[in-house]
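What follows is a single structure, written as structure tokens, with notes after it.
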Amino acid sequence: MNNTSKRIHWSIWLARLTLFLGIASVAVALIGALGAGADIWSKMAGMKGLTWGFYLGVAALVVGLYTLLRYMKAGSRVIMVALAGMVLAGGYVGYIGTQIAKARSVPAIHDVTTNLDNPPTFAVLEMRKDNLRGVPGDKDPEFRGLDALERWQKMHRDAYGDIRPLTIRAPQADVMAKAEGLVKKRGWDIAAVDVAQGRIEATDTVALLKFKDDMVLRIIPAARDGETVVDMRSISRIGQSDLGVNARRVREFMADLKAQFPQSR
């Protein structure tokens, strides 16, 4: 076999390897996510599938880039096969890259509330036992002397200082009814509606892995007659960072509730 034949032989096999790795990266990620979403395996196993898919995607890009640079003159077939694998891998790697960037842009917390000093509590849904375990910053000079609760509060205030209680000039019963309607409109699974206690608990299912986030609303009369104070809390059941999902949920829900009552603040 002459050198030209050897070069063509290796080029097509490397191109095929690139395509295989590109397909595998997407397939492993999808299988992991769909299996976790269907509760065939755990959410963390699903996350491992996403991670391995990322590694396979990076490998596909490396092999594909080498193939294109080393065998640029091997022919259009080699180039097309290698590019197909790189496009698949690049799309997935790029998606994960945006998620990593998003994670770095928000604090590594998963518990968001409108009231840090007196957050609403769950009565029906169970609070995760490790809620404050693993809050980052214990070795960071910025958080020196702060315990896990205080670190969480500081990171929350710094990142989500705009998330605050809502005061509505309307009776509690009216606010409860509107809030419950918004919860149902969003398709959240309602666990409890206690008018006497002014509490609504519900669960939202998010993303392809179908993560469960629990939410509680506290809707009670304000000190001033005819006004109602609304507080909200949203917590991810697993994971340390929520990629800002809980903060977005609280902001959007409170904004929609406020829109129902023109005289609110």
Side-chain angles (χ1 to χ4, degrees), residues 18-65 83-113 128 130-137 140 151-152 154-163 186-188 203-215 232-253 255:
T18 302
L19 180 59
F20 171 78
L21 290 171
I23 294 173
S25 69
V26 177
V28 168
L30 279 176
I31 291 171
L34 293 173
D39 292 326
I40 297 174
W41 42 73
S42 69
K43 306 299 183 188
M44 297 313 296
M47 290 296 294
K48 288 182 179 179
L50 298 181
T51 301
W52 278 106
F54 176 78
Y55 293 151
L56 288 168
V58 172
L61 292 175
V62 172
V63 174
L65 183 61
L83 283 177
M86 292 180 72
V87 167
L88 284 171
Y92 180 67
V93 170
Y95 167 74
I96 293 299
T98 61
Q99 298 304 302
I100 293 173
K102 186 183 296 184
R104 291 179 176 177
S105 68
V106 296
I109 58 176
H110 53 262
D111 184 351
V112 174
T113 180
R128 56 184 288 181
D130 65 342
N131 193 47
L132 289 178
R133 193 180 306 158
V135 175
D140 192 328
R151 293 198 302 274
W152 168 67
K154 176 172 172 48
M155 286 188 284
H156 192 300
R157 286 192 179 97
D158 290 346
Y160 307 131
D162 61 302
I163 297 179
R186 281 166 163 72
W188 299 347
T203 300
D204 187 17
T205 302
V206 297
L208 193 60
L209 277 75
K210 295 186 179 180
F211 289 111
K212 302 290 186 180
D213 294 346
D214 294 324
M215 178 276 302
M232 183 175 179
R233 189 176 191 178
S234 185
I235 303 177
S236 299
R237 289 187 184 178
I238 65 171
Q240 183 58 45
S241 174
D242 63 3
L243 304 181
V245 170
N246 287 298
R248 183 170 66 250
R249 178 182 296 113
V250 173
R251 284 188 179 116
E252 292 177 351
F253 186 90

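One is the number of the first residue; the rest follow in order along the sequence.
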Any heavy-atom pair between the side chains of Phe253 and Arg248 that's under 4.5 Å?
no
Rounded to the nearest 0.5 Å, what's the gap from NZ on Lys154 to CD1 on Ile109? Could you check?
12.0 Å
Can you check whether Val135 reaches Leu132 side chain to side chain, under 4.5 Å on heavy atoms?
yes
Taking C-beta and beyond as the side chain, do Tyr160 and Val106 meet within less than 4.5 Å on heavy atoms?
yes
Between Arg251 and Asp162, is any pair of side-chain heavy atoms under 4.5 Å apart?
yes
Between Arg186 and Asp204, is there a salt bridge with N-O shorter than 4.0 Å?
no
If you look at every heavy atom in Gln240 and Pro136, which pair is closest and at what distance?
NE2-CD, 3.8 Å
Does Phe54 have any ring pair (Phe, Tyr, Trp, His ring centres under 6.0 Å) partners at least two apart in sequence or in another chain, and if so, which?
none
Under the side chain to side chain contact (heavy atoms under 4.5 Å, CB included) test against His110, which residue among Ser236, Ser234, Ser241 passes?
Ser236
Provide the closest heavy-atom pair for Lys43 versus Ile238 in the form atom of the first, atom of the second, distance.
CB-CD1, 3.1 Å
Name each donor-acceptor pair under 3.5 Å that joins a side chain in residues 87-101 to protein atoms two or more places apart or in another chain, with its distance.
{"unit_1": "Tyr92", "atom_1": "OH", "unit_2": "Leu50", "atom_2": "O", "d": "2.7"}
{"unit_1": "Thr98", "atom_1": "OG1", "unit_2": "Tyr95", "atom_2": "O", "d": "2.5"}

Quick one: which of Thr113, Asp214, Asp111, Asn246 gives a side chain to side chain donor-acceptor pair (under 3.5 Å) with Arg233?
Asp111
Show which side-chain atoms of residues 18-38 pair as donor or acceptor with protein atoms under 3.5 Å away, not counting sequence neighbours.
{"unit_1": "Thr18", "atom_1": "OG1", "unit_2": "Leu14", "atom_2": "O", "d": "2.9"}
{"unit_1": "Thr18", "atom_1": "OG1", "unit_2": "Gly64", "atom_2": "N", "d": "3.3"}
{"unit_1": "Ser25", "atom_1": "OG", "unit_2": "Gly22", "atom_2": "O", "d": "2.7"}

Thr205 and Lys212: CA distance, side-chain angles, deciding distance, side-chain hydrogen bond (donor to acceptor under 3.5 Å, both in side chains) verdict:
CA-CA 5 Å; Thr205 302; Lys212 302 290 186 180; 2.9 Å; yes
Which atoms form the tightest heavy-atom contact between Gly46 and Leu209, and what is the distance?
C-CD2, 3.9 Å
Before giving the answer on side chain to side chain contact (heavy atoms under 4.5 Å, CB included), spell out for Val206 and Lys210 the whole-Å C-alpha distance, their side-chain angles and the decisive distance to 0.1 Å.
CA-CA 5 Å; Val206 297; Lys210 295 186 179 180; over 6 Å; no
What's the separation between atom CH2 in Trp41 and atom NZ in Lys48, rounded to the nearest 0.5 Å?
13.0 Å
Are Trp188 and Thr203 packed together at the side-chain level, in the sense that at least one heavy-atom pair is separated by less than 4.5 angstrom?
no
Look up atom CG in Asp140 and atom CE in Met155, then write down how far apart they are to the nearest 0.5 Å.
9.5 Å
If we only count heavy atoms from C-beta on, is the Asp213 to Ile235 side-chain gap below 4.5 Å?
no
